[in-house]
Amino acid sequence: MKYYNSIIDTIGNTPLVKLNKVTKGIRGTVLAKVEYFNPGNSVKDRIAIRMIEDAEKAGILKPGGTIIEGTSGNTGFGLALAAIAKGYKCIFTMADKQSKEKIDILRAVGADVVVCPTNVEPDDPRSYYSVAKRLNREIPNSLYPNQYDNLSNTAAHYDTTGPEIWRDTEGEITHFAAGVGTGGTICGTAKFLKEHKPGVVTVGIDTYGSVFKKYKETGIFDEREIYPYLTEGIGEDILPQNVDFSLIDHFVKVTDKDAAIMARRLSKEEGLFVGWSTGSAVHGALEWAREHLTDEDVLVILLPDHGTRYLAKIYNDTWMKDHGFLESREFSTARDIVRSKNGKGALTTVGKDLKVGDAIRLLNQHSISQIPVTDTEGEIVGSLTDSTILSKLIEDPTVKDLQVGEVMDKPFKFVALDNTVDVLSSLIDRDNKALLVRDENQQVHIITQADLLAAITN
């Protein structure tokens with residue numbers, strides 16, 4: 001009889017499938033490494049079992065223990081499967097931008113899920129990173145695998161994904177592309193492939209709102225690159241230890257919209273029902289391949305997960321239309337708003353050392369109700385709004401003699417040029433009165449509620 005002792009024994013040895021239709025006009029052979037054939041329907045099954053088994057060997061995780069991890073969903077599911085097979089409990093923290101399907105799936109396999117806010121700093125005690133670490137400290141005999149900095153993540157791909165691709169392409173692979181989130185997938189696989197064939201070119205797929213591409217190209221961790229985005233499981237606002245930039249030759253950034261549309265194309269044109277970050281990986285890899293691949297080249301793109309995680313989002317026509325991702329309903333973008341100003345209204349800022357009374361006169365002079373606050377080097381460090389000043393002056397009239405830096409609010413959020421008006425409007429609320437965006441020349445522009453209203457009604 002041929003059978004497996006448990007579901008985790010079926011992890012790995014996923015197939016390579018040739019892409020035929022979405023690659024029209026691209027030279028060479030383009031193959032997809034379809035990771036949703038893993039039992040948890042994602043590439044993260046590989047690292048989940050490896051991190052647990054390495055913790056067991058090290059004596060960190062003992063029988064009856066609890067696995068606690070911050071996850072975008074897929075790593076959690078892989079850990080949950082391993083926990084079922086090995087008799088552990090699971091608690092997962094997730095950012096609230098993750099799909100409801102992911103939360104429901106994790107709960108279906110017996111995990112407790114704690115949902116945390118997305119738009120907070122990584123070291124904020126409310127972030128899903130911080131909450132997972134706190135629970136790990138509080139719960140005895142618990143393991144915090146920390147897929148971001150746990151090098152078992154990279155090792156899992158070095159030992160399995162890389163060898164499988166090498167074997168199945170018979171060493172003919174010339175290029176490898178994958179999304180970059182924790183970094184383990186692309187770096188572990190690339191390390192193996194480059195050791196066996198140094199000329200293999202690796203292409204990392206990033207998203208707008210993430211720091212990876214600029215850091216690779218300049219060595220600068222630019223917090224100005226960080227802003228909210230919708231695509232799940234790709235990009236970061238931190239530098240995980242699993243990201244070895246020396247193993248990633250090039251980065252390509254992909255918008256939320258392009259990623260969503262490519263995921264739907266892969267489903268309809270290739271029969272590959274894939275997740276959102278798969279759309280990112282394929283769109284970005286093909287954009288790069290269009291300029292660089294030759295007839296003799298073999299490009300392998302890793303497809304990380306399955307479309308069932310995104311039924312209420314990118315596979316829901318209403319959701320796609322509401323976000324301006326389907327042509328039947330078009331929205332203006334931040335780029336359109338900036339262009340509509342036609343160079344008028346250069347960004348007005350106020351220094352943090354200026355007196356509040358002088359800042360009020362500046363607001364009145366320019367007929368504006370909100371203004372970014374800068375430090376002595378011109379960096380945006382805060383914001384000031386007329387409503388904030390008014391409420392503080394009512395409480396204490398002497399506030400006008402204080403420096404702006406003593407009363408300012410947090411900086412306005414930066415957004416991507418291609419974010420649509422509906423997405424932008426969802427980011428403006430009581431605590432964030434305006435948005436900032438950099439154009440192609442790195443000039444900063446402000447987008448106010450009035451700008452959004454104008455864009456919707458024009």
*asked:* Tell me if the aromatic rings of Tyr227 and Tyr208 count as close, with their centers under 6.0 Å from one another.
replied: no

*asked:* If you apply the rule side-chain hydrogen bond (donor to acceptor under 3.5 Å, both in side chains), what do you find for Asp409 with Ser383, and how did you get there?
replied: CA-CA 5 Å; Asp409 293 319; Ser383 64; 4.8 Å; no

*Does Asn153 use its side chain to pair, donor to acceptor, with the backbone of Ile47 at less than 3.5 Å?*
no

_Within the 4.5 Å heavy-atom criterion, are Arg137 and Tyr144 side-chain neighbours or not?_
no

*Heavy-atom neighbours of Tyr215 OH exceed 12 at 6.0 Å*: no

*Are the aromatic rings of Tyr315 and Phe273 close, with centres under 6.0 Å apart?*
yes

*Are any side-chain N or O atoms of Lys433 and backbone N or O atoms of Thr385, one a donor and one an acceptor, separated by less than 3.5 Å?*
no

*In terms of side-chain heavy atoms, does Thr75 have a donor or acceptor partner in Gln147 at a distance below 3.5 Å?*
yes

*Does Arg361 pair with Asp358 as a salt bridge, N-O distance under 4.0 Å?*
yes

*Do Pro411 and Val381 come within less than 4.5 Å of each other through their side chains, counting heavy atoms only?*
no

*asked:* Within the 3.5 Å criterion, strictly below it, is a donor on Ser210 or Thr207 matched to an acceptor on the partner's side chain?
replied: no

*Name the orientation class of the two ring planes belonging to Phe325 and His323 (parallel below 30°, tilted from 30 to 60°, perpendicular beyond 60°).*
tilted

*With side chains defined as the heavy atoms from C-beta onward, is the minimum distance between Lys257 and Ile261 less than 4.5 Å?*
yes

*So, are Glu101 and Lys313 salt-bridged, with charged N and O less than 4.0 Å apart?*
no

*Between OH of Tyr129 and CG of Asp149, what distance do you get to the nearest 0.5 Å?*
10.0 Å

*Main-chain N/O of Leu384 paired to Thr388 side chain as donor or acceptor, under 3.5 Å*: no

*So, do Leu299 and Leu293 sit near enough that their side-chain heavy atoms are less than 4.5 Å apart?*
yes

*Check: Ser127/Asp124 side-chain N/O donor and acceptor closer than 3.5 Å*: no

_Looking at Asp322 and Trp319, would you say the former's side chain and the latter's main chain have a donor-acceptor pair under 3.5 Å?_
no

*Donor-acceptor under 3.5 Å (Asp96 side chain, Val115 main chain)*: no

*Report, as yes or no, whether the 6.0 Å neighbourhood of atom CD on Glu291 holds more than 12 heavy atoms from other residues, nucleotides or ligands.*
no

*Can you check whether Leu302 reaches Val43 side chain to side chain, under 4.5 Å on heavy atoms?*
yes

*Euclidean distance, Ile186 CD1 relative to Ile248 CD1, rounded to 0.5 Å*: 4.5 Å

_Keeping Asn146 on the side-chain end and Asn150 on the backbone end, is there a donor-acceptor pair under 3.5 Å?_
no

*Other residues, nucleotides, ligands: >12 heavy atoms within 6.0 Å of Glu217 CD*: yes

*Without hydrogens or angle criteria, can the side chains of Asp401 and Thr398 be said to hold a donor-acceptor pair below 3.5 Å?*
no

*Before accepting this row, confirm whether a basic side-chain N of the pair Arg264/Asp317 lies closer than 4.0 Å to the acidic partner's carboxylate O.*
yes

_Lys100 bridged to Asp104 by N-O distance under 4.0 Å_ = yes

*Side chain proximity check, Glu287 to Arg290, heavy atoms < 4.5 angstrom*: yes

*Taking it one step at a time, do Cys116 and Arg126 satisfy side-chain contact (heavy atoms from CB on, under 4.5 Å)?*
CA-CA 6 Å; Cys116 306; Arg126 298 167 295 168; 5.9 Å; no

*Geometric cation-pi criterion, Arg438 with Phe414: 6.0 Å, 45°*: yes

*Where does the angle between the aromatic ring planes of Phe245 and Phe251 fall among parallel (under 30°), tilted (30 to 60°) and perpendicular (over 60°)?*
tilted

*Can we say Lys253 and Glu225 salt-bridge, meaning some charged N sits less than 4.0 Å from an Asp/Glu carboxylate O?*
yes

_Donor-acceptor contact present, side-chain Thr174 to main-chain Asp297, <3.5 Å_ = no

_Nearest 0.5 Å, please: how far is CD1 in Ile446 from OG1 in Thr349?_
10.0 Å

*Would you please test Asn242 and Thr182 for side-chain hydrogen bond (donor to acceptor under 3.5 Å, both in side chains) and show each step?*
CA-CA 6 Å; Asn242 279 291; Thr182 66; 5.4 Å; no

*Give a yes or no answer on whether the side chain of Thr202 reaches the backbone of Asp249 with a donor-acceptor pair at less than 3.5 Å.*
yes

_Ser367 side chain to Leu363 backbone, donor-acceptor under 3.5 Å_ = no

*Give a yes or no answer on whether the side chain of Lys33 reaches the backbone of Thr14 with a donor-acceptor pair at less than 3.5 Å.*
yes

*Test item: side-chain donor near acceptor, Tyr310 and Asp305, under 3.5 Å*: yes

*asked:* For the CD atom on Glu121, are there more than 12 heavy atoms of other groups (residues, nucleotides or ligands in this structure) within a distance under 6.0 Å?
replied: no

*Below 4.0 angstrom, N of the basic side chain to O of the carboxylate: do Arg46 and Glu35 qualify?*
yes

*Is the closest side-chain heavy-atom distance between Tyr36 and Leu272 below 4.5 Å?*
yes

*Pairing of Asp206 and Lys213 as salt bridge, 4.0 angstrom limit*: no

*How about Val338 and Val437: do any of their side-chain heavy atoms sit closer than 4.5 Å?*
yes

